[in-house]
Amino acid sequence: MLDLQKIRENTEQVRQGILNKNVNIDFDIILELDQKRRDVILEVEDLKHERNLLSQEVAKRKKNKEDAEDLISQTRDIGQRIKILDDKQRLIENELDQLLLEIPNTPHMSAPVGADASENPVVKTWGKRYEPGFKLQTHLEIGEALELFDFPRGTKIAGPGFPLYTGQGARLERALINFMLDFHIDKHGYKEVLPPVMSNARAMTTTGQLPKFEDDMYKAPLDELYLIPTAEVPVTNIHQGEIIPEQDLPIRYCAYSSCFRREAGSYGKDTRGFLRLHQFNKVELVKFTHPDTSYMELEALRRDAEEILEALGLEYRVIELVTGDLSFSAAKCYDLELWAPGEERWLEVSSCSNFEDFQARRGSIRFKPQGGGKIQLLHTLNGSGVATPRLLVALLETCQQADGTVLLPEILGPYMGSAGIRLKLA
RNA sequence: GGAGACGUGGCCGAGUGGCUUAAGGCGGCGGCUUGCUAAGCCGUUGUACGUUUAGGCGUACCGAAGGUUCGAAUCCUUCCGUCUCCGCCA
């Protein structure tokens, strides 16, 4: 949510920022409602003040056993006017809130202005192209040959997009999750949390999934719960409604969770294999920071995700999202993409974003300055560190050998246990 | 799922219709005293919104939402949460 005062005072600047995100918002309606709201408040508070004074006078008279009927009937009349104005105020504020909740965050000034993903600049590339000289297979061919997963049976159980991992494939998936968790916890100092995979509407509103993107989520209407599309939702809401002492910042969490996405409107796109799923696994990094350090923390967050890819020896590049490609809540975002040599394309495995105070305002997440001073909204950030499906694709395709086996990086050895790092048909 | 108890500020805790604009304490902050520390003494202490050139002023907030009343932390209704016991269950 944007600061109403900022909308009021810097309307043109905000309007331009939102336009750069390819969204057109009618700010005149908002400003008009804001003015109406303040007019009503002015009127109703005046009446309430009067009522309080009269009630005190009634109390005084009753104490002295004097008659107060005239004051009581006068106040009764004021009470009715207050009730009408209270209702009016509530109505205006509901309408205003509803509008504000649907306005996306404004881009940071460092985010490159651009219309869509085709304009995203590449800011970094790392690693060496895997070109072993034999004909490379796709992850689907490798997986089928080595029986690492079973899409037809996953479809039988839940439908397309719900993968069933089998044998060494299941073990590899689990190994990757544990490897990434340990890496961030032990090497990068994140605190591990294991959150619920369902969240309520309140939590979904904090992070920005609601009210606009309800159709993208799986819902359990009987219990008024949603399956989380990312651990960002439950983890960011850990501190919803809290006031955190400044000296506790930054708070850095690392969480594994299954993620659930209906992917509404994306039918027909990347339907093969692991490229786009309804359920997948992801290790997520979430930070709560002081506003002054959030952009420094964004760079550090991105590095933490990059190091996972480097530790596995996979070729990747980093792109910076132009304003038109930024998500609803983000002010600035980097995507990490892995090269999949079998698919011969780049695959997005991580998004690292700074939301500034956008989510903090929706979820009322604040900090108390150390030397006293005014309580302020903090900044929230998150990034995948990283999502497994496309990581698995790039890993299998990059580690495939001429004999049809897959030789995993040494670093996964301890996590593969007795299966070892060479995947072959059992 | 059944029964009962409870929900007050950063924390503890008083408060069953009007000198409560929430007592008292702890903690925090400032000051005095002081070789240092501790103790003691004095003062101060929330959030949101509105308004104001400023100092300030006003309104709301006692789990949430409604209601009764001239007036609600206090009475009524509904909901949510926590705890205890029972049932069920990996």
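Remember, it's a predicted structure, so these values are computed and weren't measured experimentally. All values below were derived from every heavy atom in this structure, side-chain atoms included, with hydrogens, water molecules and symmetry-related copies excluded. First the proteins, then the strands, lettered A, B, ... as listed; each starts at 1.
- Across residues 73-85 of chain A, A:T75, A:R76, A:K83 each have a non-hydrogen atom less than 4.0 Å from an atom of RNA chain B (numbered order).
- Taking the P atom of each, B:C61 and B:C6 are spaced 24 Å apart, rounded to whole Å.
- Only the P atoms considered, B:U52 is 31 Å distant from B:G67, to the nearest whole Å.
- As judged by a 4.0 angstrom heavy-atom cut-off over every strand, A:N52 is placed among residues touching the sugar-phosphate backbone only.
- Residue-to-nucleotide proximity on RNA chain B shows that, of A:L4 and A:R90, the 5′-proximal contact is made by A:L4.
- For the 3.5 Å distance criterion, the side chains of A:E284 and A:Y253 fail to qualify, holding no donor opposite an acceptor.
- Using a 4.0 Å heavy-atom criterion, one finds that A:K60 contacts no nucleic acid atom at all.
- Of the C1' atoms belonging to B:G87 and B:U74, the separation is 37 Å, rounded to the nearest Å.
- Using a 4.0 Å heavy-atom criterion, one finds that A:R366 contacts the sugar-phosphate atoms exclusively.
- Look at the C1' atom in both B:A23 and B:U45: the space between them is 16 Å, to the nearest Å.
- Centroid-to-centroid, the aromatic rings of A:H278 and A:F260 stay 6.0 Å apart or farther.
- Legend: residues meeting salt bridge (Lys or Arg N to Asp or Glu O under 4.0 Å) with A:D325, ordered by chain and number and at least two apart, are absent.
- Using Watson-Crick or G-U wobble geometry with both donor-acceptor distances under 3.5 Å, B:A73 finds no partner in any strand shown.
- When only modelled atom types and interatomic distance are considered, A:Q35 and A:R38 share a side-chain donor-acceptor pair under 3.5 Å.
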* **Verdict with reasoning, A:H239 to A:F288, per ring pair (Phe, Tyr, Trp, His ring centres under 6.0 Å)** => CA-CA 9 Å; A:H239 296 296; A:F288 300 82; 4.9 Å; yes
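- Residue pairs satisfying the side-chain hydrogen bond (donor to acceptor under 3.5 Å, both in side chains) criterion with at least one member in residues 69-82 of chain A, sequence neighbours excluded, are listed as follows: A:R61-A:D70.
- Judged purely by distance below 3.5 Å, without hydrogens or angles, the side chains of A:T205 and A:R362 never pair a donor atom with an acceptor atom.
- Remark: the separation of the P atoms in B:U16 and B:C75 is 9 Å, to the nearest Å.
- For the residue pair A:Q56/A:N52, the side-chain donor-acceptor check at 3.5 Å is not satisfied.
- Side-chain contact of A:E173 with A:N281: a donor-acceptor pair under 3.5 Å is present, judged by distance alone.
- Side-chain polar atoms of A:T206 and A:N237 form a donor-acceptor pair below 3.5 angstrom.
- For the segment residues 28-42 of chain A, the set of residues with a heavy atom within less than 4.0 Å of an atom of RNA chain B comprises A:R37, A:R38, A:I41, A:L42, in numerical order.
- Between the side chain of A:K332 and the main chain of A:T323, no donor-acceptor pair closer than 3.5 Å is present.
- When the side chain to side chain contact (heavy atoms under 4.5 Å, CB included) test is applied to A:L42, no partner is found at least two apart in sequence or on another chain.
- With a 3.5 Å ceiling on both atom-pair distances, B:A14 lacks any Watson-Crick or G-U wobble partner.
- Nearest-nucleotide positions on RNA chain B place A:Q56 closer to the 5' end than the other of A:Q56 and A:H49.
- When atom types are taken as modelled, the side chain of A:H290 and the backbone of A:D292 share a donor-acceptor pair closer than 3.5 angstrom.
- Base pairing annotation: B:G27 forms a Watson-Crick or G-U wobble pair with B:U45, both donor-acceptor distances under 3.5 Å.
- Taking a pair to require two hydrogen-bonding distances under 3.5 Å in either a Watson-Crick or a G-U wobble arrangement, B:C19 remains unpaired.
- A distance of about 15 Å separates the P atoms of B:A65 and B:A72, rounded to the whole Å.
- Pairing of B:U33, defined by two Watson-Crick or G-U wobble distances under 3.5 Å, is not identified with any nucleotide.
- Atom name C1', nucleotides B:A73 and B:U21: the rounded distance is 14 Å, in whole Å.
- Remark: B:G50 base-pairs with B:C57; criterion is Watson-Crick or G-U wobble with both hydrogen-bond distances under 3.5 Å.
- In 5' to 3' order, the nucleotides of RNA chain B bounding all contacts with chain A (an atom under 4.0 Å from a heavy atom) are B:G18 to B:G71.
- Across the strands present, B:A38 finds no partner; the criterion is a Watson-Crick or G-U wobble pair with both atom distances under 3.5 angstrom.
- The partner of B:C79 is B:G63, judged by Watson-Crick or G-U wobble contacts that both fall below 3.5 Å.
- B:G9 and B:U47: their C1' atoms are spaced 10 Å apart (whole Å).
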